[in-house]
Every structure is written in structure tokens, then in C-alpha cells.
Amino acid sequence: MLLTKSDSEEQFTGPLEAGLETCMQRALSVLRESGNRPNFPEWYQTVVREADMAEPSPVRGSMIIKPWGYGVWEQIQKILDGRIKDTGHENCYFPLFIPLSFIAKEAQHVEGFAKEMAVVTHHRLKMIDGKLQPDPTAKLEEPLVVRPTSETIIGDAFSRWIRSHRDLPMLINQWANVVRWEMRTRLFLRTAEFLWQEGHTAHADAEDAMGETLKMLEVYRSFSEETLAMPVIAGEKSANERFPGADKTYSIEAMMQDGKALQAGTSHYLGTHFAEAQNIRFQNDAGELLFCHTTSWGVSTRLIGGVIMSHGDDDGLRLPPAIAPRQIVIVPMLRGKPEDADVLTFGEKLAADLRQQTAFGERLRVLLDTKDIRSAEKRWNWVRRGAPIIIEIGPRDVAGGAVTFMRRDALRDGDKVKSTNAPRDQFIADAPRLLAEIQGQLFTEAKTRLDSNIRRDVTTMAELEAFFGASTGDDDEAAEFKGWVRVAWSRPDGHELQQIENALKALKLSIRNAPLDQPSNYANCIFTGAPGVEEILIARSY
RNA sequence: CGGGGCGUGGCGCAGCCUGGUAGCGCAUCUGCUUUGGGAGCAGAGGGUCGCGUGUUCGAAUCACGCCGCCCCGACCA
């Protein structure tokens, strides 16, 4: 584990040096050899690379998702898509390009996204003065925007598709890429182009739309916890953190191993703003023409960044079995000798028999790794990639009808790698249970970290400041594990809220959300001293 | 866009101050020996030193301009 200790107050005061110094020392050779003092962001980038998940692309701020990383995304897609369909939604595909005028219709939406959009202005290139450049005579009459999100173009379709209350609710989802011209980017966590799903729905009234908003928030919460083994806190964003054009924005927030919060998914109730901007109307059973209430909700490839920062350790990535592209990898111990053939045959049969088993409702995903490299190196490659179970088979196993395996969630016993020997048939029968156990173990570790690192005893700004430390721009200070603080507030808005957020910002803090589960009575507001009406989470964040 | 730093084989770096035909570790390839917990030895391949201009007999090294990347701000899933 990286930065956490399981209980007591140690995690609030103890800096991470012990964890940082040993971080990556064994497994991630590049860092070890560079002589640089590892820190969490550096650890993260190293894991992304060493686990073969993704790499930076020649295009600024964009990444290449490699097969192992994309395999994780495919699992996420498959499982989440099932849940989205189970809740009554259908998939569509809308265009990448959006006419500029569509975006311009909703004022807040414009304001929120104007600064980060990629714009297409020409439709042809031309060689001028020996340079290939946009042809001045091929200028588009109306610029096209590369979608940063699709509310406007889907809303436009809704305005044609919806006529009657019988057309409602309209429940649409799409899997797509979107582009936001972010200033600072990091692999998976924030890239200029990213993959996501975006749900867009229209409803007859506010109640139905709010029901949808919260239903999908719950889908995200359960998906994150059950499938990604990443515990989250679901809650409502403060007024200033709302999606541009939304009436209410909800999020799930996960705690990373450096104590920072990661917004892992959002669900928005958009009121009738987009319906009014785009004329999405229906006739009710009384014959009245009314505006629809719409919602939108999404999760992205950022989830993969969350998985890495939730479960990774000093040996690299640890993948929850539910999303591991290969749940069990068999490494044959080949030595360039005649008995290799027996080992391979044994391995093929083992793989085939394991594939007959099911876990998480699907056949086991098993790989016999026959690549022609040293067995020891092969094993560590799979450790770094986070394959949940790594089996080694050699002549001794073949002779004894046994397998030797390692659990990635409990790789080491002290400094030694821990392996278990089991009869072949028994292992096959046990494999589904083992995978479920690993999934549960990863969740439990992360859940313990989350639950034991939310402080509830901070009641004044002075204490908040003392806890998180003054903002000096000092890197080491920022890297220290702090966790989150849960406080009561009086939910001020407008200028007062802005001032509060500015004060928090000076401490590199932000309001993450107001958790859905609230107590029955409240302490006084930490900011205003007025009676509290709600509890909120405050943290450093990604 | 402001402030700071950095661009040298795939990766991580040295060399620059004090100009003289480019070096180290890891990785890669070949061979031999090894192999049940990240192998050893020997050899080999691979570099427009970010780009351009200038100074100079000679530029990775000095000067000027440009480009790109990283960190800190502003922005954000």
C-alpha cells in the first residue's frame, strides 16, 4: 500500500515519507534507477506506463490507450452498459461536430464551455508558400465545435422526437469521445480528448427528472463500488460547482491513496433550461404545451485513473477481477527442454478448464502466456499490470497435478513473494470464489481508507486551516496525506459562497459535495457561524 | 496567457561553465552458460545533441530567435 495506515490518528499527522521512500523501490525499475525521490504523481505516471495502460500521444494533451488499458475500458463499458440498459435506456450515436449556434443557445452552457472548445473553421488544406495550411477560400460559414458534451445536439433531436406525453420519458445514452481543451492534462485523469458515456433524458415533470437524476447517481455509486471496488460518497455539488446550465449537479467522490478526492461521475438535473433554449416541448393529457425537464449524466475514462490510484501499490497496478481483461494468467516455466511440451499441454488444458468456470456472471478470462521471454520477467510483467491471479506451472506441477499461484491483492509476505500450491482440480473449482475474494479484499482496503480518513471534528476555519496547512505552493506540503473533512454549513449562496470558495481555494481546498446521507441535526456553520442546515465534504482534489 | 525549469539513442541521465568529430545505466539484438522468486559473461545495433540563424578553422557546448515539454497560477470529468 502506498500512503495509508489502517486505523488510529496516525494518518492525520503522519507524513507519507515511509511510504514514499519505499514507493516503487522494488518493482518499478525506471523510478528506482532515476534516483529521483518518488512522489505520488510520479508513482502514478510510472504505474500507468509500467502497467502498459497508456502513453502520451504526439497530440498535445491526448493519450494513446494501449491494449491492456483499453481492455479495462471495454470491461467497464460492457458492465455499465448493461446497467444503463437495465434501467430502460437505449443507445444512440450523435455527431462529433456541433454547429456553433447550438452551443450559443444556452447562456450558462456557453459560459461554462466557451474557453475549452476545439473549433473547426475550414474544410480544406492548401499548399501556400510551401506550407500546408487551411485554404482561406474554404472557410466554413458557420464554425463547427468538436463536442465537449452533447446536450445541445441531442436536445435538438429531442425537440423533433418529442411531441406527446406518450413520448416521455425519452431515455437515451451514447458512448462517445469528447474534447475539452484543458490547460493541464494527465493520463486518464484529464486529457484533451476522452472516452465516456453520456446519458440524456427528457421527462414530463421535475419529479420524474429528479428521480432519473438520482437513479443514475445510484447506478454510478453501485457500479463504482461493486465493479471497480472503489468506494465513493454520493452527494450534491454546491451551487458554484454545478454543470453549466444545470439546476442540480450530483457527483460520486472517491478518495485516492494520496488523500485527494476524485470526482468519478456526475448526474445533472437540468430543469427546463435546455428545453427552453431548444424548444423541447410536449402536449400533456390536458392538451397543454409544456417544456420537458431534462437530465444528463456521465462517467469517463477517468474511472481508470481512479482505479489505478485506488488500488495500485509498490509493485504496480492491482486490478479488480471484475474489470481485469485477464483474470487469471498462466505462466509456464519453460526452459528450452523436451519437458516444455508437457508443461504447455498441461497449461492449455488448465486454461480450457478454467474458462468453463464463471465469475461475476461471465466465463473466466484466462490467458496462457506463451510469449518467448524469460518466465521470471513474464511473471513480473503481469504483476505490474495487475492481473488478479498469476499461476506458474513447471514440470513439478505437471508431475504432481498441481498449480502454484499468486494473488495480486496479497502479493507479498514481508519482502517475500507469497505463492500457494494447490491441486489442479481444486484450484479450478475454487477459482471463482478466489476472484470474488480478491474483488472484496480490494474494496475493503479502499473502504477502510475512506471511512477512517474523513474527519468530523473540525468546527472552525482556523482548525480547517491548521489541519490542511497554509498554502505556500510548497510541493511537499501538498503531497502530504490529509484525507477529507466533513463539516456543517448554512449553505450560503451568491457572493458569500464565492468568498468561501475563494478562501478554500487559497488552501487548495474545495467543497466536494453534500453527501446524500445527512444527520438529523447539525452543528453551526463552519464559515458563517449560523445554524447549520447541511453537511459537506471538503478536500483537496484532482 | 503570466512566473520558474527542461529539451542529448526507446526510457532515465552525464557532458555545456572552460568550443576540438557524443558517453553512462536500463531496455533491445546475437551467442554461450543459466532458469521454481526480477540471471551472468561476451559481443552488437541504435543518436538530424528540439528547430533555425549567427560567431568560429571548428558548436551538444557561446549568442539571438522560434518550437515543444514539465512544475506553479487561472480552467476542469
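So that the names make sense, note that chain A is the first sequence line, chain B the second, and so on, each numbered from 1.
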Checklist entry - When rounded to the nearest Å, what value does the distance between P atoms of B:rC41 and B:rC26 take? => result 9 Å

Checklist entry - Is A:K260 positioned over the aromatic face of A:Y542, cation under 6.0 angstrom from the ring centre and no more than 45 degrees off axis? => result yes

Checklist entry - Between A:W73 and A:W68, is a ring-ring contact (aromatic ring centres under 6.0 Å, His included) present by the stated rule, with each step listed? => result CA-CA 9 Å; A:W73 181 240; A:W68 188 247; over 10 Å; no

Next on the checklist: Just the rounded figure in Å: distance from C1' of B:rC69 to CD of A:Q45.
Outcome noted: 12 Å

Checklist entry - Nearest nucleotide by nearest heavy atom, which residue falls closer to the 5' end of RNA chain B, A:A376 or A:I393? => result A:I393

Next on the checklist: Rounded to whole Å, how long is the line connecting atom CZ of A:R49 with atom P of B:rA27?
Outcome noted: 14 Å

Next on the checklist: Taking B:rU48 as the reference, what is the distance to B:rU8 when you measure between their P atoms (whole Å, please)?
Outcome noted: 13 Å

Checklist entry - When rounded to the nearest Å, what value does the distance between C1' atoms of B:rG9 and B:rC24 take? => result 12 Å

Item to check | Check: A:S419 side chain, B:rG36 base, donor-acceptor under 3.5 Å | outcome: no

Item to check | Centroid separation A:F274 to A:H109 less than 6.0 Å | outcome: yes

Next on the checklist: Suppose you measure atom C1' in B:rA39 against the same atom in B:rG45; what distance do you get, rounded to whole Å?
Outcome noted: 23 Å

Item to check | Spacing of A:D340 atom CG relative to B:rG36 atom P, expressed in whole Å | outcome: 14 Å

Item to check | Length of the line joining A:R396:CZ and B:rU35:C1', which is rounded to integer Å | outcome: 12 Å

Checklist entry - Within less than 4.0 Å of OP1 or OP2 of B:rG73, is there a side-chain N or O belonging to A:K508? => result yes

Checklist entry - Do the ring planes of A:F427 and A:F405 sit parallel (below 30°), tilted (30 to 60°) or perpendicular (above 60°)? => result tilted

Checklist entry - Expressed in angstrom and rounded to an integer, what is the separation of A:I373 atom CD1 from B:rU35 atom P? => result 19 Å

Checklist entry - Roughly how many Å is it from CE in A:M333 to C1' in B:rG37, rounded to a whole number? => result 8 Å

Checklist entry - Quantified in whole Å, what is the P atom distance between nucleotide B:rC17 and nucleotide B:rA59? => result 14 Å

Item to check | Per A:R384 side chain, nearest of listed nucleotides B:rU35, B:rG38, B:rG36 | outcome: B:rG38

Checklist entry - Would you say A:V331 and A:W382 make side-chain contact, with heavy atoms under 4.5 Å? => result yes

Checklist entry - Which one is paired to B:rC17, where only Watson-Crick or G-U wobble pairs with both distances under 3.5 angstrom count? => result none

Checklist entry - Are A:D315 and A:R412 close enough, and set up right, to give a salt bridge (charged side-chain N to carboxylate O under 4.0 Å, His left out), and what steps lead you there? => result CA-CA 10 Å; A:D315 289 300; A:R412 291 174 187 273; 2.7 Å; yes

Checklist entry - Heavy atoms under 4.0 Å, any strand shown: does A:T404 hit a base, just sugar-phosphate, or nothing? => result base

Pairs under 3.5 Å (N/O, protein and nucleotides 74-77 of chain B):
residue, atom, partner, partner atom, Å
B:rC75, OP2, A:K505, NZ, 2.4
B:rC76, O2', A:E182, OE2, 2.9
B:rC76, O2, A:R190, NE, 2.0
B:rC76, O2, A:R190, NH1, 3.0
B:rC76, O2, A:R190, NH2, 2.0
B:rC76, N3, A:R190, NH2, 2.9
B:rA77, O3', A:Q263, NE2, 2.9
B:rA77, O3', A:R302, NH1, 3.1
B:rA77, O2', A:Q263, O, 3.0
B:rA77, O2', A:R302, NE, 3.4
B:rA77, O2', A:R302, NH1, 2.6
B:rA77, N6, A:T191, N, 3.4
B:rA77, N6, A:T191, O, 2.6
B:rA77, N3, A:S300, OG, 3.3

Checklist entry - If only side-chain N and O atoms of A:R374 are considered, is one of them under 4.0 Å from the OP1 or OP2 phosphate oxygen of B:rA39? => result yes

Item to check | Whole angstrom value for the distance that separates C1' of B:rU35 from NZ of A:K337 | outcome: 8 Å

Checklist entry - In this structure, which one of A:D81, A:N91, A:L80 forms a side chain to side chain contact (heavy atoms under 4.5 Å, CB included) with A:Q197? => result A:L80

Next on the checklist: Measure CG/A:N381 against P/B:rA27 and give the value in whole Å, please.
Outcome noted: 12 Å

Checklist entry - On a whole-Å scale, what distance lies between the P atoms belonging to B:rG7 and B:rU55? => result 26 Å

Checklist entry - Considering only the P atoms, how many Å lie between B:rA27 and B:rG68, rounded to the nearest integer? => result 35 Å

Item to check | Flag, side chain of A:R221 to backbone of A:A234, donor-acceptor distance under 3.5 Å | outcome: no

Checklist entry - Of the non-hydrogen atoms in A:A322 and A:Q75, which two are nearest, and what is the gap between them? => result O-NE2, 3.7 Å

Item to check | Pair assignment for B:rG36, Watson-Crick or G-U wobble, requiring both distances under 3.5 Å | outcome: none

Next on the checklist: Measuring only the C1' atom in each nucleotide, how far is B:rG3 from B:rA14? A whole number of Å is fine.
Outcome noted: 29 Å

Checklist outcome for this item: Pairing partner of B:rA44, by Watson-Crick or G-U wobble and under 3.5 Å for both distances, is B:rU28

Item to check | Selection from B:rG38, B:rG36, B:rG37 that lies nearest to any side-chain heavy atom of A:M406 | outcome: B:rG37

Checklist entry - If pairing requires Watson-Crick or G-U wobble contacts with both distances under 3.5 Å, which nucleotide is the partner of B:rG7? => result B:rC67

